[in-house]
Every structure is written in structure tokens, then in C-alpha cells.
Amino acid sequence: MAKKTVKFMCTAFRDGFQSVVGARVLSKDFLPCVEEAYDAGIRWFEAGGGARFQSCYFYCQEDAFDVMDAFRKAAPEADLQTLSRGVNVVGLESQSSDMIKLHADMFKKHGMSSIRNFDALNDVNNLKWSGQCIHDAGLNHEVVVTMMGLPPGIDNQGTHTPEFYRDRLKLIMDAGIPFDRVCFKDASGTSTPATVYNTMKLARELLGDKIHIQFHSHETAGNGISCYLAALRGGADGLDLSMAPMSGGTCQPDIITMWHCLDGDPDFEFDFDINKIKKAEDSFKNAMKKYFLPPEAMNVNPQIVWSPMPGGALTANTQMLRDNNMMDKYDDMIAEMYDCVRLGGFGTSVTPVSQFYAQQAIQNVMFGKFKKFAPGYAKMVLGYFGKTPVEPDPEIVKKAAEFMASNELTKPYSTPTTKTVLEMNDADPKKGGAVAKKMLEDAGLPITDENIFIAASCQEKGILFLKDPSKAPMGCRFAEDEKPAAGKGGPCTVTINGKAYGVEIKADGKAVVNGKEVAFAVADGIKAAPSAPAAGAGNGTEVKASVPGSILRVTVNVGDSVNEGDELLVMDVMKMEQPVAAPCSGKIQSIVVAQTDKVNTGDVLVVIG
């Protein structure tokens with residue numbers, strides 16, 4: 001009997017980046033490697049979407065559409081696939097119908113040929129319109145069933161079993177959603193080989209032998225290769241594989257490792273020149289030497305099965321913890337994931353749900369277990385992202401509703417709902433193309449389809465980039481930056497009059513203070529400088545940051561009258577918009593912060609007189 005040739009998609013340049021360095025890589029550094037991989041014979045790449053889309057604007061000072069165009073030039077005949085999160089497309093917030101259609105149209109325009117489309121809750125309603133739009137745009141639609149292993153000790157209540165995944169696939173088929181391939185996606189790498197094998201068998205029985213089945217997992221828990229072998233033996237046609245240094249650990253298994261596993265196998269083989277693959281991988285490793293590779297991304301973590309954090313979310317979150325000087329909270333955050341999953345309705349731990357779990361875990365660490373709620377987690381358990389696989393814990397739903405009702409800004413989301421996401425979003429006056437156009441007009445920016453989509457999916461950060469890319473944040477972490485300055489002990493926090501400043505000394509008279517590059521000079525002796533009045537001088541009420549983060553937007557001006565509960569500003573905390581409301585009525589006496597400033601817990605933000 002002839003061996004079956006295993007197809008594979010190279011994930012190094014999308015999920016590899018997301019899972020190892022939080023998607024923060026500059027295109028000029030990796031596009032030559034794409035060309036080499038293409039020359040080595042690889043004809044299927046993951047080329048964008050997912051966190052990589054927003055990351056271009058948030059951290060890399062690049063336009064994601066320009067990067068997609070350049071990727072197509074580097075791999076002219078390849079199947080270039082991107083990742084979409086159903087109704088969320090490429091953001092954490094869900095979108096309206098017109099933006100979901102624009103997503104498919106724009107990705108087609110900019111050279112993509114396939115879109116993998118998933119919903120973290122496995123709610124088929126969230127896949128219907130997005131799948132139709134992908135198909136109508138002339139793209140290959142790879143529809144997804146998301147998987148994970150529930151933490152040990154949790155009753156699965158009939159979910160996250162092979163039969164559950166088969167039934168989800170059947171719902172997709174019964175809904176008439178057009179698709180070209182099926183992918184089973186385990187972003188946390190916590191499914192067992194037995195579950196994978198039996199899921200593939202049941203899916204193959206349902207689909208017949210003509211539909212391509214792809215399997216995706218990560219090595220985070222250490223069983224990625226064994227699950228890949230189980231998937232092939234259960235009936236999968238293809239696998240997601242990556243290249244070092246963006247492989248193994250929190251990422252997909254390496255192409256070379258999987259080739260070695262199948263070398264001499266009686267049933268399966270690859271169709272490529274392994275020496276050419278090795279040469280391409282060597283070049284990629286050399287190109288990535290300039291980047292800081294977080295140690296937690298390079299290792300297997302067997303205990304992740306108790307706290308199923310996906311590779312792509314794990315390093316994205318640790319990078320943000322580093323940004324906010326909160327890495328000391330990492331272990332506690334991971335531990336809190338257990339209860340966030342257990343009580344939250346069993347949504348698959350993949351973006352955006354994995355981010356909701358992580359955001360709520362951070363809230364639990366900072367303020368006590370479910371004393372405060374991350375808006376995304378609260379909205380999820382209240383039904384605003386679709387139907388969870390099981391009903392969330394009633395007490396958590398009650399607490400989430402009370403928390404959301406306590407603030408005028410979140411009150412509209414305080415009542416549990418059973419409406420579909422698109423029903424709500426299409427009726428939401430704050431969503432859609434008209435709102436995005438208004439943002440562009442107010443900023444004096446050109447009205448193009450690309451800019452409309454950037455504004456809709458990236459909000460203020462997208463507008464900031466479009467105004468001047470050079471002033472957008474640069475969040476790439478380079479290996480040289482992580483080395484302590486000679487004799488100086490490296491980055492440090494300096495606290496003056498109760499305000500903390502994160503300081504990193506660079507070369508050539510430059511330093512980074514609270515995320516902003518400044519010029520500095522050191523001279524012998526002391527030169528007196530005129531003292532400035534304290535920001536909170538007088539009888540004003542100081543409004544302080546309750547958690548570290550960065551300032552996303554300031555919504556008031558000095559002299560404005562505000563009432564208790566009015567929004568003063570919005571912070572970006574671990575990719576979560578956190579409004580800061582006025583604790584009292586009065587006039588804005590002073591505003592201490594500006595857009596993009598980084599702040600620490602206890603920093604004064606605004607003073608109300």
C-alpha cells in the first residue's frame with residue numbers, strides 16, 4: 001500500500017511569531033526568510049491575521065496590508081492563509097456585518113488566498129456570516145472546530161470530547177456554511193492523543209474521504225508530536241508545522257522534528273528536500289538572533305494542563321506583563337486561569353476567550369477572586385460573545401452583571417442576553433463602517449477601505465498609527481535591549497514623590513522612560529532646577545491608576561465639569577480597554593498623563609477640583 005503524503009502549512013511567520021515573541025517582528029527581518037522557505041519548496045504559509053494584524057500597528061510601526069502585499073511578492077505561487085476569529089475577525093472586539101465582509105474583501109485584495117475561520121465558543125452562529133463572506137470573496141474557507149483539554153478535576157458536562165467536536169462539525173454542515181477545508185485547532189496543546197485520534201476518526205466518518213482535514217496544536221504541554229501522530233492515524237491529511245527558533249515550546253512542532261518522526265514510517269511521508277528545509281531554517285534562526293526570545297516560550301510547561309493558556313496568548317501576555325513591569329504576577333495569573341475556565345462556561349482557550357481568561361486572572365490577582373471583572377470576561381459569561389458550551393456558573397453571572405451595572409459606561413452590557421452577536425453589533429451605534437469613517441474624518445485622514453478597516457479593528461491605536469507611523473509605539477523586544485547595561489544593573493524603576501518611572505538606559509544619550517524615548521545627559525555636580533508644583537496641589541481629588549497600563553485616550557480637558565461616574569480616560573491594560581471614571585463631581589483641575597503614556601499602580605492620572 002502506498003504511503004500517504006502529509007501536507008503541511010508553515011506557521012513560522014504568523015503563529016510562530018505570535019507564540020514566541022507576541023507577534024512583534026519587523027517584516028524587513030523575516031521576508032527574506034519567507035523567500036528562502038519558498039525556494040526550499042514550501043507552498044503553504046500562514047501569512048497574517050490573528051494577533052499579527054493588530055501587532056503591526058500596536059508594536060511594529062508597520063501597515064499590516066503592506067506586509068501582506070510584500071509576503072505575496074516573496075511567495076508568488078503559494079497558498080497564503082490568514083487567521084480569523086469569526087465575528088471578531090482580527091480583533092478582540094466583535095464587529096458588525098459590514099466590517100466582517102470588508103475583512104474578507106481586503107484580505108483578498110492584498111494577496112491572501114485562504115482564511116482559517118474559528119469561533120472560540122464553537123457557536124455556529126458566529127461562523128455563518130464570516131464563512132459566507134470568505135467564500136464570496138473568492139477565498140478558500142478553512143472552517144474550524146476549536147479544541148482543548150479541560151483542566152484535571154473538572155466535570156466536562158459532555159463538552160470537549162470527540163463526540164462534542166463531531167457534533168459541532170455537524171452543526172456547521174447543517175447550517176450550510178460553505179467551506180473548502182476543516183481544521184481542528186487546539187491552541188493550548190492540552191488535548192490528549194486519544195481525544196485527537198478519536199476526533200479525527202469521527203470527523204472522517206462524517207466528511208467522507210474528499211474533504212481535507214487539518215490538525216493544529218502546540219508543544220506547550222509537551223504532547224504536540226504525539227497528538228500529531230494520533231491525528232494522522234485518525235484520518236487527518238495535514239498538519240501545522242513551524243521552523244526554529246519559532247517552533248517547539250509554546251509553538252507548533254518543528255518541520256524537521258516531524259519529518260524525523262515519520263522517517264521510515266510505513267504509512268506516512270513528506271514530499272520535500274529536508275536539506276533545503278534545514279538551510280531555510282538555519283537562515284531563519286540567524287535572522288531572528290536580534291530578537292529577545294522569552295524563556296517561557298522556549299520550554300515545555302507540563303502544568304499548563306491545569307491552566308490552558310494558548311502559546312499565542314501566553315507570550316503575548318508575558319510581553320505585556322514585561323511592558324507594564326508586572327512579570328512578578330505571571331505565576332499567580334497562570335494559577336488563576338483554572339477557576340476562570342471552570343466557572344466561565346468552558347469556552348475554548350483561544351483568542352479572544354483565552355485573553356478574557358487571562359484578563360480576568362489578572363483582575364483576580366490584583367483585586368481578589370472575582371471582586372472585579374475584566375469587561376471581556378463579564379460580557380462573555382453574560383452572553384455578549386455568543387453561547388458558551390455550558391452555562392457559566394450562576395454566581396459568576398450574578399457578580400458579573402452587578403459589576404457591569406455599577407458603572408454607567410458598562411451598564412448597557414449588564415443584562416444577560418441570548419441575542420446573536422451580529423444582531424447586537426448591527427444595531428450598535430458605536431460599531432460599523434460609518435463610525436470608522438467618522439473617526440477618520442475627525443482625525444483628518446483619508447477615507448479608504450483599508451483605513452476604514454484599520455480604524456474599526458484597531459480603534460485609537462489604529463488612528464494613532466495612521467496619523468504618523470513613526471509616533472506609534474515600537475514594542476519589538478530585541479536581544480540587545482534585554483542585556484543589563486554594563487555596571488548599571490539594567491532596567492530599573494525609579495520612584496519620585498510616589499510616582500514610579502520605568503527607566504531603561506540605551507546607547508548614545510538615549511533612555512526609555514515609561515515607554516517613551518528621551519534624550520538625557522549626565523554631568524558632574526548638581527545643577528538646581530526650578531521646582532514644579534505637585535500635580536495634585538490644592539484641595540483636588542487625585543484619580544490614580546488601579547493597575548499598570550498605558551493611556552489609550554483622554555476624554556476630558558482641563559476645566560471640564562464632570563459628574564461622578566463620567567469617563568475621564570481609558571487605559572489599555574493587557575489589551576483590555578479599562579475606562580477610568582470620575583470618583584466625584586467637580587472640575588478637571590489638571591491632567592497628568594497623555595495618550596501612549598505608561599503608568600504604574602498608584603500613579604496620579606487626573607485631579608478633580
Side-chain angles (χ1 to χ4, degrees), residues 22 24 58-59 292 294 316-333 336 358-368 371-372 374-375 460-461 464 473-475 477 481-482 484-485 488-506 510-518 520 532-537 540-556 567-583 589-608:
R24 307 181 188 191
F58 292 3
Y59 305 118
F292 169 65
N317 281 301
T318 57
Q319 293 285 53
M320 287 185 283
L321 288 171
R322 287 184 173 89
D323 290 344
N324 294 302
N325 298 318
M326 292 172 63
M327 265 304 283
D328 61 311
K329 304 291 191 295
Y330 170 67
D331 288 339
D332 292 337
M333 179 189 80
E336 281 294 332
Q359 290 166 350
Q360 186 57 47
I362 280 290
Q363 297 288 312
N364 289 359
V365 170
M366 299 295 292
F367 305 111
K371 299 294 185 185
K372 290 190 176 183
E460 284 82 6
K461 292 182 182 178
L464 183 67
M474 170 48 70
R477 289 184 172 272
D481 295 341
E482 297 300 319
K488 302 295 182 183
C492 62
T493 299
V494 180
T495 302
I496 302 173
N497 288 336
K499 181 173 176 63
Y501 299 86
V503 180
E504 295 181 63
I505 305 299
K506 305 289 186 181
K510 300 288 185 182
V512 176
V513 179
N514 284 356
K516 287 188 172 180
E517 188 172 83
V518 298
F520 80 99
T541 299
E542 293 181 338
V543 182
K544 298 181 179 180
S546 60
V547 291
S550 60
I551 304 303
L552 190 56
R553 62 179 176 270
V554 179
T555 49
V556 293
E567 180 181 285
L568 302 176
L569 54 84
V570 177
M571 290 177 59
D572 180 5
V573 181
M574 303 287 290
K575 273 192 178 178
M576 170 179 59
E577 288 196 14
Q578 182 160 309
V580 176
Q589 187 179 97
S590 64
I591 300 171
V592 184
V593 294
Q595 189 179 42
T596 75
D597 281 359
K598 290 188 177 181
V599 296
N600 288 303
T601 302
D603 284 358
V604 177
L605 307 173
V606 176
V607 179
I608 301 174

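In this chain, residues are counted from 1 in sequence order.
Note that CG of Asp572 is 10.0 Å distant from NZ of Lys598, once rounded to the nearest 0.5 Å. The OH atom of Tyr59 sits 10.0 Å away from atom CZ of Arg477, with the distance rounded to the nearest 0.5 Å.
Taking both residues in full, the closest heavy atoms of Thr596 and Ser550 are given as O-CB, 4.4 Å, listed atom of the first, atom of the second, then distance. Here the shortest heavy-atom pairing between Ala374 and Gln359 reads CB-CB, 3.7 Å. Contact record, Phe58 with Pro473: O-CB, 3.3 Å, taken as the closest heavy-atom pair. When all heavy atoms are compared, the tightest approach of Gly540 to Val607 is CA-CG1, 3.8 Å.
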Criterion side chain to side chain contact (heavy atoms under 4.5 Å, CB included) on Asn364 and Gln360, from CA distance to verdict: CA-CA 6 Å; Asn364 289 359; Gln360 186 57 47; 3.0 Å; yes

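Proximity of a side-chain donor or acceptor of Gln595 to a complementary backbone N or O of Leu552 within less than 3.5 Å is detected. A donor-acceptor pair under 3.5 Å links the side-chain atoms of Arg24 to the main chain of Gly475, judged by distance alone.
Applying the side-chain contact (heavy atoms from CB on, under 4.5 Å) test to Ala582 and every residue at least two apart in sequence or in another chain returns Val562, Leu568, Ile608. Residues satisfying the salt bridge (charged side-chain N to carboxylate O under 4.0 Å, His left out) test with Lys544, not counting sequence neighbours, are Glu542. Annotation: side chain to side chain donor-acceptor pair (under 3.5 Å) contacts of Glu460 (sequence neighbours excluded): Arg553.
When each of Asp597, Leu605, Val593 is checked for a side-chain contact (heavy atoms from CB on, under 4.5 Å) with Met571, only Leu605 meets the rule.
Using a 4.5 Å heavy-atom cutoff, the side chains of Pro579 and Thr555 are not in contact. Counting heavy atoms from C-beta on, the side chains of Val606 and Val554 never come closer than 4.5 Å. Side chains of Lys372 and Met366 form no contact here, defined as non-hydrogen atoms less than 4.5 Å apart.
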